[in-house]
Amino acid sequence: MPKSGKKVIHFYNNSGKLENVIKFLESIQKKIDYVNLNVSVDGCKSIKITLYGSRDLQYLACDRLRELAERFL
C-alpha cells in the first residue's frame, strides 16, 4: 500500500495581479482532482498549497502544479 502524508508547496505571484491567481486556482480545480489539497493565498503574492494523499499522487500533482504556476504566475 502506498504511503500517504502531507506535502507543502509555496508559489510566488511575481506580477501581483489577482487575475493571475484566479486563473491559476481555476486551472488547479479543473486539472487536479485525484488528491486532496488546501490552498492559502496571502495578499495576491504568496500561495501555499498543502497536498494530502498517497506520495505517488503527490509527486504527480506537484509536477502539474509547477507547470501551471509557470504558465499563470
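Computed from a prediction, not measured in an experiment: that's the story for all the values here. Counting from 1, the numbers follow the sequence of the chain as shown.
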* **Heavy-atom closest pair, residues Ala69 and Phe24** => N-CE1, 3.4 Å
* Can you hop from Leu68 to Tyr34 via hydrophobic side chains spaced under 4.5 Å? -> yes
Donor-acceptor contacts under 3.5 Å from residues 36-52 side chains, at least two apart:
none

* Decide yes or no for Gln29 and Leu25: does some side-chain heavy atom of the first lie under 4.5 Å from some side-chain heavy atom of the second? => no
Which side-chain N or O atoms in residues 58-66 pair as donor and acceptor under 3.5 Å with protein atoms at least two apart or in another chain?
from: Gln58; atom 1: NE2; to: Gly5; atom 2: O; distance (Å): 2.8
from: Gln58; atom 1: NE2; to: Gly53; atom 2: O; distance (Å): 2.9
from: Arg64; atom 1: NH1; to: Lys31; atom 2: O; distance (Å): 3.0

* Structure fact -> Taken to the nearest 0.5 Å, the spacing of Glu70 CD from Glu67 CD works out to 7.5 Å
